[in-house]
2 protein chains.
Amino acid sequence: MDALTRKQHEIIDFLLQNQASFTRPPSLDQLCAALGLKSRGSLHRIIQDLVGAGLIEAMDRKHRGVRLTEQAKKIVQPSNNSSTLRYVGIIAAGKPIEAIENTEFMTIPDEIKTENPCYVLKVKGDSMIEEGIYDGDWVIIEQRCHARNGEIVVALVDKSEATLKFIEQYPHETLLIPANSSMQAMHYQPAQIDIQGVLVGQMRSYRSMV
Amino acid sequence: MDALTRKQHEIIDFLLQNQASFTRPPSLDQLCAALGLKSRGSLHRIIQDLVGAGLIEAMDRKHRGVRLTEQAKKIVQPSNNSSTLRYVGIIAAGKPIEAIENTEFMTIPDEIKTENPCYVLKVKGDSMIEEGIYDGDWVIIEQRCHARNGEIVVALVDKSEATLKFIEQYPHETLLIPANSSMQAMHYQPAQIDIQGVLVGQMRSYRSMV
DNA sequence: TGTATCAAGAACAATAAAAGAACAAATTTA
DNA sequence: TAAATTTGTTCTTTTATTGTTCTTGATACA
């Protein structure tokens with residue numbers, strides 16, 4: 001199969017990304033409208049080339065619209081707008097992270113993660129309640145061992161206790177600050193603290209509320 | 001089996017979506033009325049093709065209406081497993097929902113949605129801040145038109161303004177209650193309020209904080 | 001410069017669909 | 001039971017839509 005031209009690529013990308021938004025396979029005219037073209041004559045040629053490449057099903061004069069082949073649909077699977085992250089366990093202030101028994105995975109939308117490796121924790125406790133992070137919420141953590149002041153981090157204290165807090169780092173002191181006015185900021189020696197990741201996303205289910 | 005023509009597709013979609021609203025299988029004339037056709041002659045041909053495709057049960061002159069086969073009902077099931085939801089737009093208290101221009105879809109983990117149809121909105125404003133729902137958060141809404149007292153709903157006020165609030169419904173009064181102590185509960189006539197969905201999930205990105 | 005790609009549009013052929021007439025079978029009503 | 005009505009079926013005719021094929025001209029690129 002030859003490499004696709006720019007336009008062929010654009011059309012396939014468009015179709016793959018908008019499969020869901022067409023309730024049925026679009027006709028050439030509909031595609032033209034969606035793509036901003038004024039006439040379907042030239043689009044037809046491009047579609048035919050894609051039929052040749054095995055990415056679109058032949059239309060042979062049937063009026064059934066432009067349908068992607070299974071092969072084409074597979075192309076998009078890896079580059080979906082989400083990815084599967086490891087659900088590691090439960091984080092509760094003052095305790096080690098309680099790992100869950102069987103490794104679980106959760107599909108997390110790109111909107112609340114980053115390009116870098118991330119993992120998921122479930123939050124236990126109210127220490128970040130004023131930041132809108134509640135007991136039972138999930139948090140998405142980007143895995144890294146450094147953070148900037150003011151970021152929310154998973155911090156390992158004295159190699160034993162894990163906690164989710166705002167961090168402030170100074171030459172001779174590291175502060176872990178809760179978002180809960182009934183709790184106090186904690187002061188540590190920098191060596192006592194290991195950063196295990198930085199908060200990049202959060203999510204919550206309201207299903208069990210009922 | 002060949003792919004369906006547009007009209008065949010439309011009819012199957014219609015039947016699937018309106019199964020519940022027909023007390024008995026619709027006759028050809030009823031279907032014509034529902035679909036805006038003036039004569040059943042042409043509809044019959046299309047139905048026969050669908051019988052041939054195994055999606056509709058053969059009628060053989062029985063006057064009992066059009067029934068989908070089990071196979072046809074399965075067609076929609078797989079898309080249920082998919083966790084791709086429509087990102088509809090932005091909800092800001094006191095304004096209509098501001099639809100986004102191009103239909104977008106977001107992949108939402110099963111943990112923060114339900115089995116029923118859901119859609120996604122972005123929240124603007126602070127009216128639910130004490131419930132941990134902040135300006136800029138996404139909310140996942142289960143699409144239904146009724147709610148129980150104490151649930152958080154997308155309510156359409158006077159057919160014009162949309163808002164996200166706790167709801168309390170009494171025979172002669174409906175209350176929309178914010179989760180923000182600097183705001184007041186609003187009192188309405190029940191007829192002023194249309195429920196457009198119930199909150200089932202929430203999520204937030206911390207990426208832009210940096 | 002020549003080549004490949006692409007947009008626009010005209011013209012055409014095939015298919016799909018709408019409308020309606022006429023009839024037969026099933027069902028309901030009187 | 002008989003008549004009336006509804007429903008499904010089979011046609012034909014007409015219209016609309018969709019896919020196809022060409023030609024012309026513009027643009028990008030090596």
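Just so it is clear, the values below take in all heavy atoms, side chains as well, and ignore hydrogens, waters and symmetry mates. Below, read A as the first sequence line, B as the second, and so on, with proteins coming before strands; counting in each chain starts at 1. What you see is a predicted model, and the numbers here were worked out from it, not measured in a lab.
E142(B) and T114(B) are linked by a side-chain donor-acceptor pair at a separation below 3.5 angstrom, with hydrogens and angles left out of the test. No hydrogens or angles considered: a donor-acceptor pair under 3.5 Å links the side chains of Q202(B) and Q202(A). Checked by atom type, the side-chain pair K165(B)/T163(B) shows a donor-acceptor distance below 3.5 Å. A donor atom on one side chain and an acceptor atom on the other are not found under 3.5 Å apart for Q192(B) and T174(B).
Distance L50(A) CG to dC6(C) C1': 14 Å, rounded to the nearest Å. In this structure, the CG atom of D29(A) is 13 Å from the C1' atom of dG9(C), given to the nearest Å. The separation between I47(A) atom CD1 and dT18(D) atom P is 14 Å, rounded to whole Å. Regarding L28(A), its CG atom lies at a distance of 15 Å from the P atom of dA8(C), rounded to whole Å. With rounding to whole Å, R45(A) atom CZ is found 17 Å from dA8(C) atom P. As a whole-Å value, the separation of H9(A) NE2 from dA4(C) P is 22 Å.
Between R204(A) and E131(B), none of the side-chain N atoms (NZ, or NE/NH1/NH2) sits under 4.0 Å from a carboxylate O, so this pair counts as no salt bridge. The residues D194(A) and K159(A) are annotated as salt-bridged, a charged nitrogen and a carboxylate oxygen being separated by less than 4.0 angstrom.
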Next on the checklist: Across nucleotides 14-30 of chain C, 5' to 3', mark each nucleotide with B, S or - according to how protein heavy atoms within less than 4.0 Å reach it.
Outcome noted: BBSSBBB----BBS---
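Between Q48(A) and Q30(B), the residue anchored closer to the 5' end of DNA chain D is Q30(B), taking for each the nucleotide with the nearest heavy atom.
Phosphate contact (OP1/OP2 of dT9(D), side-chain N/O of H44(B), threshold under 4.0 Å): present.
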